[in-house]
Structure formats: C-alpha cells, structure tokens
Amino acid sequence: MSGTTTQPIPPTPVRSWWGWGWEGAHPDDAECVALGALLPGTLARPLPVPRVADLRIGSPAIEPSASLAHLISTDPADRAAHAMGKAYRDVARALRGRPGRIPDLVAFPTREREVADLLDWAGEHGVAVVPFGGGSSVVGGVEYRGDAHRAVLSLDLTAMDRVTEVDTAGRAARIQAGTLGPSLENQLRPHGLTLRHFPQSFEFSTLGGWLATRAGGHYATGRTHIDDFVQSLRVITPAGASESWRLPASGAGPSPDRMFLGSEGALGIITEAWVRLQARPVHKASASLAFDDFGAALGAVRALAQSDLAPANCRLLDSGEAALSGAARDGSAVLVLGFESADAPVGPRLAQAVDLARSHGGRCEPSSSGTGDASGTGDAAVSAWRSAFLRMPYLRDGLARMGAVAETFETAATWDRVPALVEDVRREVGEAALKISGHPATVNCRLTHVYPDGAAPYFTVLAAGRPGDEVALWDDLKAVANEVLHRHRATITHHHAVGRDHRPQYDRQRPEPFALALRAAKGALDPHGILNPGVLVD
C-alpha cells in the first residue's frame, strides 16, 4: 500500500441568512465587544447570533400548482434567507427576531419558460413576486411590505447562472441574469476577457441584480455604472417577453433597455443580457496622498476628474474615514489612486496624477509615487484601505450586535454643491444623532466615484442605538440626511437603487410627467400588480 493520505474536503461555505457574507466570517463575541468599546452608549455584551429556528414562520398561505412544485421550496431556512436584504435595518431586525413578512414560497427557475409559468400562476392567484438575485440589497429592494397580496413568492434566479455565448471579435458575452460576480468572471477568464464591474457586493450579487438596480462598480471614472456595459436585455413580463436588438449604439427613439435598467423588478424579470467586455488588465500601479485640508483634497480630485488621465481608482477619504480604514491616523484626508491597463504601462499616468495632486497640497512618499509599474502595490495606505473595504460589512454587523447604528448612504451632486453638501450632512446628522440617542456620533465621508461635473459622496454613520429600537433610530437619522440631500438637489441614490427605503425621496426627485409614464408602463406590463409591489411606483 502506498503511504499517501486522503486530504479532507474543505466544507462548502454557507451564506449567512441574517447578515453580510459567509457564516463564520463575522466578528466573534470578543471582537464585537472591542468594536462596541469604540462607541459610547453601546451594549455591555453582544446580542446573540439569530437562529432560523427561533423565528415564527407559519405555513405557506398558498400551495403551488403541481406543475410548478418541483421549482419551489417551503423550507423555513430558504424562506428566512429570502425575507430581507443586507442593509443595517435588515440586520438589526433579524437580531431582534423581527425580519418582517417572510415569503410563503421560494422559487428556483432554471430557464425562461419556468419564469413565465411562475408569473402566469402568480398573476392568476394574486401572489406577489419579489425577484431575488444575490440578496445584497441595502434599500429594502427584495422584501415585501404590506398585506395587499394573499401570498408572497421570492423568485430566486441564481440557478440561471451561465455565460451562454462569447463574441471574442466584438468583445461581448450573453450572460444569464442569475450569474454571481465570481462565477461570471471565472467563465470569462478562459477567453482573456472581463466585464470589469466590481461593486463591493461583487461576491454576493448577480448580473441581473446589477442591471435591475443600475449598480455602480468599484471603478471611479469612465464606465462607473452597469448601464455603460449593456448591449441588449431580455426581460420576461406578465405581458410577454421583451428582447432588444444587440447593437453597439442606436438612435432609434427611447431605448427599451433604459426602461428596464433600474426598474428593480417592478416591470419585468431580467433573464439575460449581452454585455460589453474588455481585455483583462495586466499593468497596474497605485499610490496614496495625504492632505491636511479636505477642501484642498476636493480640489485635487476635481482636477483629476477633469483631466484626461482617467484613473481606475480615485477615492478620497476624509480624516475620519481614513482613520477608520487605517489609511491614516494623523488627521489627514487620504486620496487613493490606482491605474490599470491591458495594453501599456500605467506608471507614467500615475506619476502625472500624483504631480497634479501634489500641486493641490497632497503629500506622497517617494516610494509610493507609482513611477514604476507593477501588478500590486507596496503603499501601506492603499493596502489598508483595500482590506478595510472588504471587511467593513462584517464589522458593521458586529457593531449591530452591540446595539450600535452602523450604516452608510450615498449620493451624487455637482461640484458646486459638493463642499456644502458634505459639511451639512456631517453637521446635521451628527446633531440629530446626539439629540436622539444622547451620545455623540461619527459621521464620515468618502468620494467613491468622480466625474468632470461632480462626485458621489458616500457617508458612514456610527452611533449608539436605543436598545430594541435601533431601526427606528436609524430611520430618523436617515430622514434627516434625506432632507439635506433634497435641499442640495443631490440624488437620493448614486448606485444603491431606490427599493422601498428610498421611495419617498424618489417620489420627490422624479418629474411628475415621468411618474405618469412609469405608472402607465407598470399597468401595461404588470396588469395584476404582482411584480415587486412597493418599489419605484404603485
């Protein structure tokens, strides 16, 4: 006999039903306590990790037809995992055992015909259908609220997860909507191509979810939103299938794709798309610069956005955000820059960007100026920021277990409004948190995306909660923030979608003639009113 031994098969990772990401990746009790010590007014010990067994999950209010039963699960774990998204208010509700209305049924179609059959059955029986991709919504986009429907079906598309066709000459691919980010990239890798769309939720979100929410990716300039990659869409609606032509561009009237992009499942179920691809980058370089003055840093970022340098990453962290991520702890704001290319070294462009930022008061160590070209970076601030970026959602859940409010929101505004907008959000949300909770709060800001005409500020709020009433406290703070955004004519969302949480502000932002047209489209495509009721339009 040989002396070889059989290696144990590593366990398959399991998604957390109540919080972000993978089970086992969240902070343990000791780390939660350490996190809570950073905020005054938190709990002495963490709330227990919630269990599906402790939820009140009744029997389904309806039974599926025999012809569809093989597609549907009534398992309590499946139903709980599809009850909410991954916003702070979702995590806080789960920790308190109050997840809201749990879907009666969860369907896992494998092809379009099954999607159409499920919609036909739901329309006939008055069942609400809530589309579900990766479930990473942070705006209440994948839950049902209210009682206008006799039952709720969560329509999970992740079994439709293939890249079905690749056009290497035209650098495009036909991809099913339920394909998760990592699987999508793995299927494109043998072709030397990439979609190059990497939202923070990349690991846990799908192409269809990105399309339905007009998701923003990680890159700060250029093609920042999934809209920019779309050639054509195929959508299944109760009124029939809609498929646009695959074209590089068209001026033929209003775009049918634009009607469904950002429709959040209210008008139809996106089942596949042709999307534009690009060669995988091989040249990368990055650097960071520190600024004593946030206003000067804003000027540097605006100059970079209005240049032709087109950095892949141009993320500005205020002093609080820089300290939180470990990028700087001396009170400086930090600008994280990154360049990449599939064709040519990017060191010269990074060097030009660094020089431009220095002319606005930025400080950059010579060793991290990026004059060379490499696949990685030795810059400590860049590395710290990258690690914190990926870990932050898990830390948020750890703070939630300590009874703290830990959440983010984002917006976009023109450059003439950005400085006052950032200042007013910090001050007014901070004052509101102190008044409501009795404890000071931390309100930080970073710029995630930059354009020649404006930027997307992204805010982090850390505050003590009210035990058992954390969700209401956050809702109060978010209402204050929304009023500031409205006053400055800043959008209610740059890339997180509308969902149900942003619906009141979205109603104020959109023009009324457009609202009339949207209601008409909803009535025509969804005559029984079953598709994701409550998002975008009634």
Side-chain angles (χ1 to χ4, degrees), residues 8 10-57 76-77 80-100 102 134-136 138 200-201 203-204 320-321 323-326 329 384-408 433 436-444 460-475 477:
T12 302
V14 177
R15 286 282 302 275
S16 171
W17 75 269
W18 65 272
W20 184 262
W22 302 112
E23 285 187 2
H26 290 88
D28 59 20
D29 287 2
E31 189 176 359
C32 287
V33 171
L35 289 169
L38 302 175
L39 283 175
T42 56
L43 301 174
R45 63 185 64 182
L47 296 168
V49 173
R51 304 186 308 162
V52 172
D54 295 331
L55 300 177
R56 296 179 180 177
I57 303 179
H82 289 75
M84 303 178 301
K86 301 302 181 185
Y88 164 78
R89 67 190 322 276
D90 301 326
V91 172
R93 287 185 294 162
L95 288 169
R96 296 292 184 180
R98 301 193 290 262
I102 293 174
S136 61
V138 293
Q200 189 175 29
S201 62
E203 191 175 7
F204 307 109
E321 196 74 9
L324 191 65
S325 67
R329 301 190 185 279
W385 167 80
R386 185 180 292 112
S387 297
F389 179 76
L390 296 174
R391 183 63 177 156
M392 193 57 67
Y394 292 102
L395 299 181
R396 179 206 65 176
D397 293 354
L399 283 165
R401 288 187 61 200
M402 296 302 297
V405 170
E407 187 56 304
T408 62
I436 294 170
S437 71
H439 297 281
T442 297
V443 184
N444 297 331
T460 300
V461 180
L462 303 173
R466 292 190 299 252
D469 200 25
E470 295 90 352
V471 171
L473 188 150
W474 168 245
D475 287 346
L477 294 181

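Only heavy atoms go into these numbers, but all of them, side chains included; no hydrogens, no water, no symmetry mates.
Residues satisfying the side-chain hydrogen bond (donor to acceptor under 3.5 Å, both in side chains) test with Arg466, not counting sequence neighbours, are Asp469. Residues that satisfy the side-chain contact (heavy atoms from CB on, under 4.5 Å) test with Ala81, not counting sequence neighbours, are Trp17. Here Arg45 pairs with nothing under the side-chain hydrogen bond (donor to acceptor under 3.5 Å, both in side chains) rule; sequence neighbours left out. Ser437 is linked by a side-chain hydrogen bond (donor to acceptor under 3.5 Å, both in side chains) to nothing, counting only residues two or more places apart in sequence or in another chain. Residues satisfying the side-chain hydrogen bond (donor to acceptor under 3.5 Å, both in side chains) test with Thr42, not counting sequence neighbours, are none. The salt bridge (charged side-chain N to carboxylate O under 4.0 Å, His left out) search around Arg98 returns none, not counting sequence neighbours. Remark: Ala87 pairs with Arg89, Asp90, Val138, Glu407 by the side-chain contact (heavy atoms from CB on, under 4.5 Å) rule, at least two apart or across chains. Evaluation of the side-chain contact (heavy atoms from CB on, under 4.5 Å) rule for Leu47 yields Leu43, Leu95, Arg96 as partners, not counting sequence neighbours. Shown here are the side-chain contact (heavy atoms from CB on, under 4.5 Å) partners of Pro27, two or more places apart in sequence or in another chain: Glu31, Cys32, Leu35, Arg391, Tyr394, Leu395.
Under the side-chain contact (heavy atoms from CB on, under 4.5 Å) rule, Pro99 has a single partner from Arg56, Arg93, Met84, which is Met84.
Under the 4.5 Å side-chain criterion, counting only non-hydrogen atoms from C-beta, Leu38 is not in contact with Thr442. Side chains of Ser16 and His26 form a contact here, defined as non-hydrogen atoms less than 4.5 Å apart.
Pairing each heavy atom of Ile102 with each of Ala83, the nearest pair is CG1-CB, 4.0 Å. Between Ala94 and Trp18, the shortest heavy-atom distance links the atoms CB-CB, 3.8 Å. For the pair Ile57 and Ala80, the tightest heavy-atom approach, listed with the atom from each and the gap, is CD1-CB, 4.3 Å. Nearest heavy atom pair, residue Ala404 against residue Leu39, reads CB-CD1, 3.8 Å. Smallest separation of non-hydrogen atoms from Tyr88 and Ala400: CE1-CB, 3.9 Å. Annotation for Val33 and Ala44: closest pair CG2-O, 4.3 Å, computed over non-hydrogen atoms.
The distance from the CD atom of Glu321 to the OG1 atom of Thr408 is 9.5 Å, given to the nearest 0.5 Å. Here the CD-OG distance, from Glu203 to Ser136, works out to 11.0 Å after rounding to the nearest 0.5 Å.
The stretch residues 15-30 participates, sequence neighbours left out, in these salt bridge (Lys or Arg N to Asp or Glu O under 4.0 Å) pairs: Asp29-Arg401.
Judged by distance alone, with hydrogens and angles left aside, the side-chain atoms of Asp397 form a donor-acceptor pair with the main-chain N or O of Trp20 at under 3.5 Å.
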